[in-house]
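Working notes, beginning with the structure itself.
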Protein chains: 2
Amino acid sequence: MGEKKQTFRDYLSQQGLKSTRQREIILDEFLRCDSHLSTEDLYLKLRKKHPGIGYATVYRTLKIFSECGIAEARNFGDGQTRYESTTCEEHHDHLICKDCGAIIEFEDPGIEQLQEQVARDHGFAIVSHRLEIFGLCAKCQNKER
Amino acid sequence: MGEKKQTFRDYLSQQGLKSTRQREIILDEFLRCDSHLSTEDLYLKLRKKHPGIGYATVYRTLKIFSECGIAEARNFGDGQTRYESTTCEEHHDHLICKDCGAIIEFEDPGIEQLQEQVARDHGFAIVSHRLEIFGLCAKCQNKER
DNA sequence: CGACTCCTTGAAATTGGTTTTCAATTTAAC
DNA sequence: GTTAAATTGAAAACCAATTTCAAGGAGTCG
Ligand SMILES: [Mn+2]
Ligand SMILES: [Mn+2]
Ligand SMILES: [Zn+2]
Ligand SMILES: [Zn+2]
């Protein structure tokens with residue numbers, strides 16, 4: 001079984017929560033899908049095979065995913081919260097195309113280090129951060145002409 | 001008269017919009033106040049001296065401020081859009097205290113340069129970006145113990 | 001100064017994503 | 001099985017943002 005599924009089940013029992021058919025289905029679909037899905041995105045995908053599952057359940061389940069660390073909530077300023085599966089990989093930030101919505105992930109240790117320096121300079125203790133770069137992806141730059 | 005006020009008036013006439021008592025009052029108060037105010041923050045401050053001014057007018061006026069470049073909309077993830085007066089200074093990013101809500105501004109040319117490098121590496125054309133570092137300010141770190 | 005046009009205003013209604021409520025159902029432990 | 005507690009889905013509530021609309025105001029032209 002996937003590591004994520006195990007993590008989720010462990011979290012549920014440890015919190016006195018219950019393992020249900022819906023939660024399993026939602027997790028399976030979430031892990032199968034591309035990342036950066038909104039609640040509604042996932043709800044609509046699920047509805048095709050499982051019309052009975054309610055929006056509220058998807059919403060609540062995604063929240064549990066992020067509580068137990070297998071997903072992370074993101075907010076790219078389009079008014080919808082998006083969730084992405086946390087991989088074993090490191091933290092990453094995003095390039096976001098304003099035209100087609102494409103999301104490119106990147107990591108830059110240099111930027112991260114400079115952030116820590118900035119925080120130190122202000123006596124500030126970092127808990128988290130987010131860096132989003134908005135613009136046009138290569139494809140959309142070519143389209144423009 | 002302040003440069004901002006002139007910019008605003010020029011923008012209004014150039015767009016065929018009208019200069020009104022309310023817009024003048026709202027601009028004065030906005031310029032007097034601390035930055036990073038939400039629409040509601042500003043509305044509540046205004047209401048003390050000018051109970052007649054409506055929320056919708058404050059909302060619409062802030063929008064015009066950002067259109068004409070004298071204010072910038074920010075979104076720090078607390079579910080409210082905040083506006084800050086654009087100074088003659090450069091772009092800046094923010095350190096945000098999760099405890100007391102304090103907002104510290106900073107500029108780091110090194111970070112900006114690395115961002116440009118990242119974009120180049122992906123053939124991405126930057127239009128804007130935002131970097132927010134969340135954590136605890138010096139004061140709140142001391143409170144914790 | 002009017003008269004006229006178009007813009008603006010404030011209150012209230014609407015929108016859209018998110019979150020909660022509640023009665024019925026399901027889970028898990030005994 | 002019985003039972004207590006958690007879960008579910010539909011609907012309602014929430015809440016910031018945005019729009020609507022009728023009344024009022026600004027600017028223009030004579
Ligand atoms: Mn990502
Ligand atoms: Mn600022
Ligand atoms: Zn694109
Ligand atoms: Zn603080």
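Proteins get letters first, then strands, A, B, ... in listed order; numbering begins at 1 in each. The model shown is predicted, which means the values in this text are computed figures rather than measured ones.
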Does C:dT27 have OP1 or OP2 under 4.0 Å away from a side-chain N or O of A:Thr20?
no
Name the orientation class of the two ring planes belonging to B:Phe76 and B:His36 (parallel below 30°, tilted from 30 to 60°, perpendicular beyond 60°).
tilted
Angle between ring planes, B:Tyr55 versus B:Tyr43, binned at 30° and 60°: parallel, tilted or perpendicular?
perpendicular
Round to the nearest Å and state the distance from A:Asp41 atom CG to C:dG17 atom C1'.
13 Å
Mind checking if A:Ser38 touches a base, just sugar-phosphate, or nothing, with heavy atoms under 4.0 Å?
nothing
To the nearest angstrom, the CG-P distance between A:Leu62 and C:dG17 comes to 16 Å
Distance check needed: D:dA16 C1' versus A:Asn75 CG, whole Å only.
13 Å
In Å and rounded to the nearest 0.5 Å, what is the CZ to OH distance from A:Phe65 to A:Tyr11?
12.0 Å
For the base of C:dT21, is there a side-chain donor-acceptor partner from A:Arg60 under 3.5 Å away?
yes
Separation of C:dT9 P from B:Glu24 CD (nearest whole Å)
11 Å
Rounded distance in Å - CD (A:Gln22) to C1' (D:dA6):
12 Å
Check whether any side-chain nitrogen or oxygen of B:Gln15 sits under 4.0 Å from OP1 or OP2 of C:dC7, and answer yes or no.
no
Distance, rounded to the nearest Å, where B:Ile64 contributes CD1 and D:dT18 contributes P
14 Å
Shortest non-hydrogen contact between A:Phe134 and B:Phe124, atoms and distance
C-CE2, 3.8 Å
Testing D:dA5, D:dG9, C:dT9 for proximity to the side chain of A:Lys18, the answer is D:dA5
